[in-house]
Trainee: 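Just dropping this structure here.
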Number of protein chains: 2
Amino acid sequence: MKETVKTFKALSDETRLRILHLLIEAGEICVCDMETVLGCPQAKVSRHLTILKNAGLVDDRREGLWVLYSLVKPADSTHAAVLKMLRETGGGELFSLDKKKLLQAIQQGRCKTFGVIKPEKIPQSMAR
Amino acid sequence: MKETVKTFKALSDETRLRILHLLIEAGEICVCDMETVLGCPQAKVSRHLTILKNAGLVDDRREGLWVLYSLVKPADSTHAAVLKMLRETGGGELFSLDKKKLLQAIQQGRCKTFGVIKPEKIPQSMAR
DNA sequence: ATCTGATATCTGTATATCCGTATATATGGA
DNA sequence: TCCATATATACGGATATACAGATATCAGAT
């Protein structure tokens, strides 16, 4: 049950929920794109990503200069249920704005992930 | 998304998770039975119940001297998903002990809810 | 080796949360 | 009305968390 508490604590912050919903939408993106979309300073984004990683909710991998984050493949049933719940509930209005901002960043060439890092992996919902 | 954060914060505490699992198991019980089962002081239980109530996760109703708490009928999809998740994940070892303690309290006549308040409503899993 | 861009960590401060203890409120009975 | 039981709330201290700003690390290019 201790682990479950850790999971819920990780989910108890608006910025972290926005990040998770962004990852649901985009699949895998770099930290600087999160800064762009969320409008948060770099240190803040990085700190929250560390928390999500320690809670076992996201994975990271380095790709050149960048670090790309994505949702984990859920290991236990709690995580699976949590991620399913997040997908189902959608995130509300604030996240709709984030999604719009990501789309704009892509269209205006300000998105690194789908601009220069891996343009071929752009998700359906974001492709023009 | 603000509401979602509130929900997760309410879930980010071991005592509160134990209470929720207890309510899943017992259906509706009074505060003093929770004290007995959880082994927590009255004020602590009451405080956590207030937090769960403010988060919209539990309902309460007065029955004479006692106040009986139960899980809400979920209003929105986030709550429904959360409660479903709690039911599915089961709560782990610590809660198994709580369940045992509830059973013992019933058998030894120390449980108010199913001893004097509403003995006819004792759940299947607890009946001898 | 040095420079630059991207990301992570440290530090101090403000705020939030949790807990134990004490006190208040509510209900029913003598 | 007074008492006993059940529950809720207020207060103060300890710990945890979030943030901004500064600094450190890391990878690649020159």
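By convention in this document, chain letters (A, B, ...) are assigned in the order of the sequence lines, proteins followed by strands, and residues within each chain are numbered from 1.
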Trainee: Roughly how many Å is it from CG in A:L65 to C1' in D:dA27, rounded to a whole number?
Mentor: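 Answer to the nearest Å: 5 Å.
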Trainee: Of all the choices, D:dT9, D:dT7, D:dA20, which nucleotide is nearest to the side chain of A:P41 once you look at every atom?
Mentor: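 Nearest to the side-chain atoms of A:P41, counting from C-beta on, is D:dA20.
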Trainee: Any idea which of C:dC19, C:dT7, D:dT9 is nearest the B:K44 side chain?
Mentor: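 The answer is C:dC19.
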Trainee: Ion pair present between A:R16 and A:E14, side-chain N to carboxylate O less than 4.0 angstrom?
Mentor: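 A:E14 and A:R16: not salt-bridged.
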Trainee: From CZ of B:R110 over to P of D:dA6, roughly how many Å is that when rounded to an integer?
Mentor: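 From B:R110 CZ to D:dA6 P: 14 Å.
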Trainee: For the side chain of A:V31, starting at C-beta, report the closest nucleotide among D:dC19, C:dC18, C:dA8.
Mentor: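 Nearest to the side chain of A:V31 among the choices is C:dA8.
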Trainee: If I take atom CZ in residue A:R61 and atom P in nucleotide C:dT7, what distance separates them, rounded to the nearest angstrom?
Mentor: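 Distance, rounded to whole Å: 13 Å.
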Trainee: Less than 4.0 angstrom from a charged side-chain N to a carboxylate O is my criterion; do B:K118 and B:E28 meet it?
Mentor: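 A salt bridge is present here (some side-chain N lies under 4.0 Å from a carboxylate O).
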Trainee: Check this one for me: any side-chain N or O of A:H48 less than 4.0 Å away from OP1 or OP2 of D:dT17?
Mentor: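 No, no such contact exists.
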Trainee: Would you mind reading off the distance between B:L68 atom CG and D:dT7 atom P, rounded to a whole angstrom?
Mentor: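 About 8 Å, once rounded to whole Å.
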Trainee: In terms of the nearest nucleotide of DNA chain D, which residue is placed more toward the 5' end: A:I51 or A:A43?
Mentor: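 The residue whose closest nucleotide sits nearer the 5' end is A:I51.
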Trainee: Taking the minimum atom-to-atom distance to the side chain of B:E35, which one of D:dA18, D:dT7, C:dC19 wins?
Mentor: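 Selected nucleotide: D:dT7.
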Trainee: Please determine whether any donor N or O and acceptor N or O are separated by less than 3.5 Å between the side chain of B:Q42 and the base of D:dA6.
Mentor: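 Not at all, since no donor on one side and acceptor on the other fall under 3.5 Å apart.
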Trainee: Quick one: A:N54 CG to D:dA16 P, roughly how many Å, whole number?
Mentor: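 It is 16 Å, rounded to the nearest whole Å.
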Trainee: Which nucleotide in the set D:dA6, C:dT7, C:dA6 lies at the smallest distance from any side-chain heavy atom of A:C32?
Mentor: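 Selected nucleotide: C:dT7.
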Trainee: Closest to the B:K9 side chain: D:dT5, D:dA27, C:dT17?
Mentor: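 Nearest to the side chain of B:K9 among the choices is C:dT17.
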Trainee: On the nucleotide C:dT9, are OP1 or OP2 found under 4.0 Å from the side-chain N or O atoms that A:S46 carries?
Mentor: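 Indeed not, no polar side-chain atom of A:S46 lies that close.
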Trainee: What's the CH2-C1' distance between A:W66 and C:dA8, to the nearest Å?
Mentor: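 Taking atom C1' of C:dA8 as the reference, CH2 of A:W66 is at 17 Å.
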Trainee: Between A:S125 and A:E25, is there a side-chain donor-acceptor contact under 3.5 Å, judged purely by atom types and distance?
Mentor: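 Checked: A:E25/A:S125 side chains pair up, N/O donor to acceptor below 3.5 Å.
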Trainee: Nearest to the B:R47 side chain among D:dT5, C:dC19, C:dT7, which nucleotide is it?
Mentor: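 Side chain of B:R47 sits closest to C:dC19.
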Trainee: Parallel, tilted or perpendicular: which one describes the rings of B:F8 and A:F8, with boundaries at 30° and 60°?
Mentor: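 Because their plane-to-plane angle is under 30°, the rings of B:F8 and A:F8 count as parallel.
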Trainee: In whole angstrom, give the distance that lies between atom CG of A:L52 and atom C1' of D:dT17.
Mentor: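 Between C1' of D:dT17 and CG of A:L52: 14 Å.
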Trainee: Check every strand shown and say whether A:R62 touches a base, only sugar-phosphate, or nothing at a heavy-atom separation below 4.0 Å.
Mentor: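 Sugar-phosphate contact only.
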Trainee: Kindly say if A:Y69 contacts the phosphate of C:dA6, meaning a side-chain N or O under 4.0 Å from OP1 or OP2.
Mentor: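 No, because none of the side-chain N or O atoms of A:Y69 sits under 4.0 Å from OP1 or OP2 of C:dA6.
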Trainee: Hey, is the main chain of A:D33 close enough, under 3.5 Å, to the side chain of A:R110 for a donor-acceptor pair?
Mentor: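 No; zero donor-acceptor contacts below 3.5 Å.
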Trainee: Mind checking who shares a hydrophobic cluster with A:L68, ILVMFWY linked at side-chain heavy-atom distances under 4.5 Å?
Mentor: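 Members other than A:L68 - counting any ILVMFWY side chain reachable under 4.5 Å - are A:L65, A:W66, A:V116, A:I117.
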Trainee: Please report, rounded to the nearest Å, how far the P atom of C:dT7 is from the CE atom of A:M34.
Mentor: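 Whole-Å distance recorded here is 9 Å.
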Trainee: Is any side-chain N or O of A:T50 closer than 4.0 Å to OP1 or OP2 of C:dT9?
Mentor: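 Yes, within the criterion.
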